[in-house]
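Here the structure comes first, spelled out in structure tokens, and everything after it is commentary.
Residue numbers begin at 1 in each chain, while the letters A, B, ... track the order of the sequences.
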Amino acid sequence: MKRSSVTAGRVVVFGGFLLMALVFSVTVPETFLQLSTARNILDQSVVPIVLVCALTFVLITGEFDLSFTAIVGLAAGVVVLLVSHGVSVLLALGATVLLGGLIGLLVGTLVTLGRASSFIVTLAVGSAVTGIEYGLTGQTTIYQDIPESFSALATNEILGLRLPVWFALLVVIGAAITLQATRYGRQAQAVGSNVQAAYLAGVRVRRVKLLTFVMLGLLSAAAAIILTSRASSYYPTASGGLLLSSYVAAFLGAAVGSQNRFTVGGGAFGVVFITTLQTGLTLNNQPAWTSALIQGVVLAAAVLIAARGKRDVA
Amino acid sequence: MTAQGEAWFTARGLVKRYGGVTALNGVDLDLNAGSVVGLIGPNGAGKSTLSKLLAGVVSPSEGQFAIDGEAVRFSDPAGAQASGLILMPQEIAVLPGSTVIDNVTLGDERTRWGLRDGDACRKETEAALAVIGLDVDPMAHAGSLPAPYQRMLMMARAVHRKARLLILDEPTAGLAEHEADLVVQAVRRLQDNSLTMIFVSHHLSEVASLADRVTCVREAKVAADLRGDEITKDALVELLLDVRPEDEAEVRETKASVTRDPAPTLEVQDVTGSRLRGVSVAAHRGEVLGITGLLGSGVSELVGFLVGAEGPATGAYKLHGEALRIGSPADALRHGIGYLPGDRTRASFAKLPIRQNVSLPALRAWFGRLGLVSRSREARLAGEALDKLSVQGDHERNISALSGGNQQRALVSRLLAADAPVLILDEPTVGVDIRARGELWSALRGLADDRVVIVASGDPEELAALADRVVCIRHGEVAAVLTGDEISERSITAAIA
């Protein structure tokens, strides 16, 4: 039962990925089958991969977060405002990441101390954070006085790959090691598996959850830096689609994971899946709404596959 | 008091099967007006099944009921209630945010032209309260009343419904002695009001003082039926026991080898909470300390206090003679106090591998605060802990793949891995088969050589086999501390009931 359902999930998701690549290769061979397209997909995947790594931890501990893309938005506004007003790039980056961590701390505190549903708490915090973002930026695009050194963060290359790609790679590896081979990672798994048993076995459940939300806040700020330096600008709805695609990726990852658990590697694969889909649709000149429609369908399918597997092993 | 007149209610040949399991196998029952029937028996003997059949919660597989000579059938509790048969469940079922009036008249409100008739409801409530002798403000919220009053509200509800039979399921569980007395007095008043009652309870002294008939069920059948003067607490204790003398002798021998430290390692004093009233317990290295009591007596509150779990209990806590404050199980673990919860759903991580289930609390000791976990070293150390309790097979399987007994042993290995000098185990062998039980007991006795082992258990047989000292808790107070040869299933059963 267990084996077969996991395999079924893998077959469906990997099969779907190959089928999708095949369809795009046939319909738009002259553009899809290019090295530059692959590099483009990789570049586009960086931000959601960074996010999904941290989101995976939140999901593993059994919580939800709807606020992290709001943190991305606020951090994007703050970092661009800082550098465009002449603050040194290094200082601006530090301040932005710190801000992300602090908001994560706030979210984590509200979730763990108030014992409220993380779903609603993060929805509330997200709305407030977006409000602050729009207040600071006046909801206008900011593209003037961006220093060259800030844009260079996204465009400089090492060994043929851009810096953000290396950063994402480091985050994936770091997150995977943290999850499997640190005490914190193990405790996070235990909390998600049975929160009461974890508490009674001596795990400081609140601390574990708090740390998880702080990590998501920090990495959301990092993602915002990548996003804005790549665009050399801030625009108000830049983080809009990230919430949905992060969850789609995380659940796709769970659908292929062993026993349908959320995993870092699975989440990263999910991101590549979604980005490939979006890129292929764009190359096919499909209107933007198809992407939202298909992502919704994929998310529903992934959740159903993951839930099916969970029932089988239970 | 003896029962008057003819039986108004009769049940003949009641059988109840759940799937392949026979929960009740041919039980007859006769009830007279104004009589109190004590229903006793070990857990799982069929007491609740019988109560549920009478209250229409479940339907019998075979057998008939007759009321005043006429055959009746109930398809649901509403049907049984219409015939005057009411069950007061063990869990208090008052609506805490509603008034006394609303609680008493719930489901049977007086109406006038389709609207609730407040005056009539109030009058009837006051009448019902007077019958059971409960003097409270009818407009008070039920949740603001003390626990025994809440139970008496349920009894008033039965009066209001003109019940003929009231089945009281453990009506004094979780109450203090003086609170239990209030409930007992209310039962007496109802009896004078010629209500028939079935008093289901493990509190044998209360059964002995109230009942004019006692039915003991065992293994789905009526094992004994006592009447009048035959009913004494000692006789009831005897009925509940099922001891094979040869077992007791064997246990004595294995227990003889233990030597305990003179000074207590862990000591709690004057622990008070919502159930406990000033309980003190001391545990020594080199002994297995048993803690026991009936459901609701306060044992689980005491265990919660010992391991630092969130709860209402407060008191003094000393480890090696030094005062401590233990705020969480994580604190306790840091001080070397390992805990294994009783209910396996509160102990195991079903979807994680056995290895991870064992290693979780030990990771810090094995790999430092921030160190990376080495999988091979972890597998070896977890394997050693599992070997000590001979849990065989692949440790990478999910723990849920193991049988109940092996899961329990794997979880005890978790305490070994954590290397805690104080081990606290709650119901360590519930759901474990007989052979695995014996093995776990000897393993636990082995651990007591150089550790403190505290076992909380509701099973007198387990403690008779395992413990060197047994603290018996009754209505939130220490009723007796049994040591050495005093410990037997009989003495424990008598002390907690």
Trace of the side chain to side chain contact (heavy atoms under 4.5 Å, CB included) decision for Ser359(B) with Arg186(A):
CA-CA 9 Å; Ser359(B) 66; Arg186(A) 292 300 186 74; 3.9 Å; yes
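Between the side chain of Asn194(A) and the backbone N or O of Ser348(B), at least one donor-acceptor pair lies under 3.5 Å. Panel note: side chain Arg414(B), backbone Ala201(A); no donor-acceptor pair is recorded below 3.5 Å.
Crowding of Glu396(B) atom CD: a count of heavy atoms from other residues, nucleotides or ligands under 6.0 Å exceeding 12. Heavy-atom contacts from other residues, nucleotides or ligands closer than 6.0 Å to CZ of Arg380(B) number more than 12. Environment of OH in Tyr18(B): crowded, with over 12 heavy atoms of neighbouring residues, nucleotides or ligands closer than 6.0 Å. The environment of Leu113(A) atom CG is dense: over 12 non-hydrogen atoms of other residues, nucleotides or ligands sit within 6.0 angstrom.
Proximity to chain A (any heavy atom under 4.5 Å) is restricted, for Thr345(B), to the backbone atoms N, CA, C and O. Heavy atoms closer than 4.5 Å to chain A are found nowhere in Phe367(B), neither backbone nor side chain. Ala332(B) does not touch chain A: none of its heavy atoms, backbone or side chain, sits under 4.5 Å away. Residue contact with chain A, scored on non-hydrogen atoms closer than 4.5 Å, involves the backbone and the side chain of Glu310(B) alike. In this structure, the portions of Asp331(B) lying under 4.5 Å from any heavy atom of chain A include both its backbone and its side chain. Heavy atoms closer than 4.5 Å to chain A are found in the side chain of Leu333(B), but not in its backbone.
Taking each heavy atom of Phe349(B) and Ser193(A) in turn, the nearest pair found is CB-OG, 3.3 Å. Scanning both residues, Gly202(A) and Ala330(B), for their nearest heavy atoms gives O-CB, 3.2 Å.
Taking Gln187(A), Gln180(A), Arg204(A) one by one and counting their heavy-atom pairs under 4.5 Å with chain B, the maximum is reached by Arg204(A). Top candidate by heavy-atom pairs under 4.5 Å with chain B, chosen from Val195(A), Leu200(A), Thr178(A), is Leu200(A).
Annotation: side chain of Thr182(A) is not in contact with side chain of Val373(B) (no heavy-atom distance under 4.5 Å). The closest side-chain heavy-atom distance from Gln196(A) to Pro341(B) is not below 4.5 Å.
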